[in-house]
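What follows is a set of notes on a single structure, which appears directly below.
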Amino acid sequence: MVARSRITYYYNKPGDLAGEQQDIYLLGINRETAKSLTQKTRNYDELLWSPDDQLIAFVAGEFNNQKLYTINADGDQLNQLAPRLAPSGISELAWSSDSQ
């Protein structure tokens, strides 16, 4: 996902073929530096930048135990929005135009 001069992406730990030990990274395009935003390896999915480029929403966890989070672009404020989502396989997130 691109947000101005930054990209967020998942990185699987070496040897993790199932995608269960990932971290979310932020890459500064102009500086060519990557920073890990998450500190707990797990299965992450559906990265989406807020319209104001301040937050990233994502889903974390296994199919039957997913949780909804936001994290700021510096990676220092993680907020859990939904403690446990029904086993539904979330396929898309959306922000309102005012980043709510």
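Keep in mind that what you see is a predicted model, and the values were worked out from it rather than measured. We number each residue from 1, following the sequence as shown.
- Applying the side-chain hydrogen bond (donor to acceptor under 3.5 Å, both in side chains) criterion to D74, with sequence neighbours excluded, gives no partner residue.
- Taken to the nearest 0.5 Å, the OG1 atom of T70 stands 11.5 Å off from the CG atom of L48.
- The distance from atom CZ of R6 to atom NZ of K35, rounded to the nearest 0.5 Å, is 10.5 Å.
- One distance of note links CG of N72 with CG of D53; it measures 12.5 Å at 0.5 Å rounding.
- Residues passing the side-chain contact (heavy atoms from CB on, under 4.5 Å) test with S36, sequence neighbours excluded: D23, Y25, T38, Q39.
- Here N79 pairs with nothing under the side-chain hydrogen bond (donor to acceptor under 3.5 Å, both in side chains) rule; sequence neighbours left out.
- When the side-chain contact (heavy atoms from CB on, under 4.5 Å) test is applied to S97, no partner is found at least two apart in sequence or on another chain.
- Applying the side-chain contact (heavy atoms from CB on, under 4.5 Å) test to A60 and every residue at least two apart in sequence or in another chain returns R42, Y44, F58, Y69.
- Y10 and D45 make their closest contact through OH-C, 2.9 Å (heavy atoms, listed as atom of the first residue, atom of the second, distance).
- Judged by distance alone, the side chain of W95 and the main-chain N or O of D52 form no donor-acceptor pair under 3.5 Å.
- The side chain to side chain contact (heavy atoms under 4.5 Å, CB included) with L47 is formed by just one residue from the set V59, L93, I24; it is I24.
- Between L37 and I56, some side-chain heavy-atom pair lies under the 4.5 Å cut-off.
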